[in-house]
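Remarks on the structure that follows.
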Amino acid sequence: MQNTEILVSGGGIAGPALAYWLSRAGFTVTVVERAPAPRPGGQTVDLRGAGRTVISRMGLMEQARALSVDQRGLALVDASGRITARMPADSFGGEGIVSEIEILRGDLGDLLYGATRQDVEYLFDDSITGLDQDDRGVTVTFERAAPRRFGLVVGADGLHSAVRALAFGPESDHVRPLDVYTAWYTATETMDLDGWYLMHNAPGGLVASARPGRLPGEVKAGLSFRSAPIDYDRRDTAAQRELLARRFARVGWEVPRLLRAMHTASDFHFDSMGQVHLDHWSRGRAVLLGDAGYCATPLTGLGTSLALVGAYVLAGELAAAEGEHRVAFRSYDRIMRPYVDQAQQLPPGGASGYAPSSALAIRLRAASMRSMTRWPMRNLLAAQFAKAGDIALPDYGRLTVR
């Protein structure tokens, strides 16, 4: 089995981005994705810093800009809907909390899928169940497909990575929970957002948000809460909806409308927030990419940049090493580790800053946002936002494997 035959688990953003660069370098790539088709919709993700550079090097920036969501910025609102603080999208040179280029996760994934579908094999509605490594390759078993052999396997399958569990051990050994739970979904309720990403905090660590989608009348909703670890079935969306309905039952602003929309949303997704930390991102012939290896959480706004940059570097190093995975994996770790370490540093306040527990803390958060564009807070925030570009991207040119 040649190392030029690579299986990538995960068809979101990191997986197709890696497939793009690998296929251009002459590798034979298969992507397996649990969903039955490319996932549509989703919330907006940021194209910023080095991630934006990677999209430009793919020749996809013009298309990405055409798909971007028009948002004026982030605004905090109280229970009556009055804006208490705001940060326009052009703050910090377009690299603030809401970046200059925000694109729906599904739109970015579809853009990457379209750029790779002619050269990459996609296995939808399936997932990896077993990895058996030896000196010459990896025998992979699937839920649906027959077992197959590959030279290398890449886990680009998110926070709850199947590849990481099979190659590195239990999730609990590598995921550090933030004790924050969040749901995202699309609401079709009529709301006057005036182009703003509106966010409402309520005592008890509750956060409700609504932001414009790309289509007219589309609202991207979010409900988050802080809590000690809770036991829930990740497949039982009905129970998840009821949990959120109880938690947010007495919250004001537009929350009653958001709760009504939640019960009928076709793209409802609920999950915990956590960071992934490993000393090494490879074990034998298996390697991790993006959230599977170094999830930074949505609180940093850098997950998409990490995925795109990691894909570019991993593919480039595999090509430079002519498929010699041990050399490539070491170089990938060396180049990416400082960037990842910086990106995983949470913004000031961390989870409590995002979801303050008391009415006083909520007022202080609004006051803090009002001061973000002024000294000294501006310098602190500028350093946080600058992390997205804090890597010297190698130029891999036209490397191909022999």
Side-chain angles (χ1 to χ4, degrees), residues 12 35-46 67-84 86 89 97-98 102-110 180-227 230 232-273 298-299 354-355 362:
R39 298 177 187 266
Q43 295 294 310
T44 57
V45 296
D46 308 305
L67 292 169
S68 64
V69 177
D70 186 16
Q71 294 182 91
R72 297 177 63 183
L74 172 69
L76 302 181
V77 295
D78 62 18
S80 64
R82 181 179 65 89
I83 291 178
T84 60
R86 68 181 83 200
I97 296 175
V98 172
E102 299 257 342
I103 182 171
L104 294 179
R105 186 178 184 86
D107 286 344
L108 180 57
D110 192 58
V180 177
Y181 297 83
T182 190
W184 305 106
Y185 56 94
T186 302
T188 55
E189 295 272 339
T190 301
M191 295 181 63
D192 183 15
L193 304 178
D194 195 25
W196 288 92
Y197 173 14
L198 301 181
M199 182 178 293
H200 173 63
N201 292 100
L206 303 174
V207 186
S209 64
R211 62 199 307 175
R214 181 168 58 83
L215 301 177
E218 188 178 63
V219 174
K220 297 297 181 177
L223 297 172
S224 304
F225 63 89
R226 288 173 61 199
S227 170
I230 59 175
Y232 70 98
D233 185 343
R234 287 173 47 213
R235 295 164 296 184
D236 190 347
T237 57
Q240 295 162 15
R241 287 180 167 100
E242 287 304 316
L243 170 64
L244 288 161
R246 291 194 301 271
R247 291 267 180 171
F248 285 84
R250 295 179 176 83
V251 180
W253 184 51
E254 297 281 7
V255 169
R257 188 175 297 180
L258 295 179
L259 289 175
R260 286 197 302 270
M262 175 189 70
H263 287 288
T264 58
S266 61
D267 60 348
F268 174 86
H269 178 73
F270 177 82
D271 204 353
S272 57
M273 284 192 193
L299 299 186
Y354 167 67
I362 291 170

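- Here the rule is side chain to side chain contact (heavy atoms under 4.5 Å, CB included) with Arg214, and of Asp70, Ile103, Asp107 only Asp107 fits it.
- The shortest distance between side-chain heavy atoms of Val69 and Arg211 does not fall below 4.5 Å.
- The shortest non-hydrogen separation linking Pro256 to Gly252 is CD-O, 4.1 Å.
- Tyr181 contributes a side-chain N or O that, together with a main-chain N or O of Ile230, makes up a donor-acceptor pair within less than 3.5 Å.
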Using side chain to side chain contact (heavy atoms under 4.5 Å, CB included), reason through Trp253 and Ser209 one step at a time and then give a plain yes or no.
CA-CA 10 Å; Trp253 184 51; Ser209 64; 5.7 Å; no

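- Atom CG of residue Leu243 and atom OG1 of residue Thr237 lie 12.5 Å apart, to the nearest 0.5 angstrom.
- The two residues Lys220 and Pro212 come nearest to each other via the heavy atoms CG-O, 4.4 Å.
- If you run side chain to side chain contact (heavy atoms under 4.5 Å, CB included) between Leu244 and each of Thr182, Leu223, Leu258, only Leu223 comes through.
- Side-chain contact between Val251 and His200: present, with at least one pair of heavy atoms (C-beta onward) separated by less than 4.5 Å.
- Tyr185 and Gln43 get closest at one heavy-atom pair: O-NE2, 3.5 Å.
- When all heavy atoms of Pro203 and Ile362 are compared, the pair lying nearest together is N-CD1, 3.5 Å.
- Looking at heavy atoms from C-beta onward, Leu104 lies in side-chain contact with Glu218 at the 4.5 angstrom threshold.
- Note that CD of Glu242 and CG of Asp236 are 10.0 Å apart. Values are rounded to the nearest 0.5 Å.
- The two residues Ala245 and Met262 make their nearest non-hydrogen contact at N-CE, 4.3 Å.
- No side-chain donor-acceptor contact under 3.5 Å links Thr84 and Asp78.
- When all heavy atoms are compared, the tightest approach of Ala183 to Phe270 is CB-CD1, 4.0 Å.
- Interatomic distance, CD of Glu102 versus CG of Leu108, reported as 11.5 Å (0.5 Å rounding).
- Summarising the local packing, CZ of Arg260 is surrounded by more than 12 heavy atoms from other residues, nucleotides or ligands at distances under 6.0 Å.
- At least one side-chain heavy atom of Ser227 sits under 4.5 Å from a side-chain heavy atom of Arg247.
- Looking only at side-chain heavy atoms (C-beta outward), Tyr232 and Asp271 come within less than 4.5 Å of each other.
- Between the side chain of Asn201 and the backbone N or O of Tyr354, at least one donor-acceptor pair lies under 3.5 Å.
- Distance check, rounded to the nearest 0.5 Å: CZ of Arg241 to CG of Leu259 gives 11.5 Å.
- The distance from atom CZ of Arg86 to atom CZ of Arg72, rounded to the nearest 0.5 Å, is 6.5 Å.
- Here the CZ atom belonging to Arg226 is positioned 11.5 Å from the CE atom belonging to Met273, to the nearest 0.5 angstrom.
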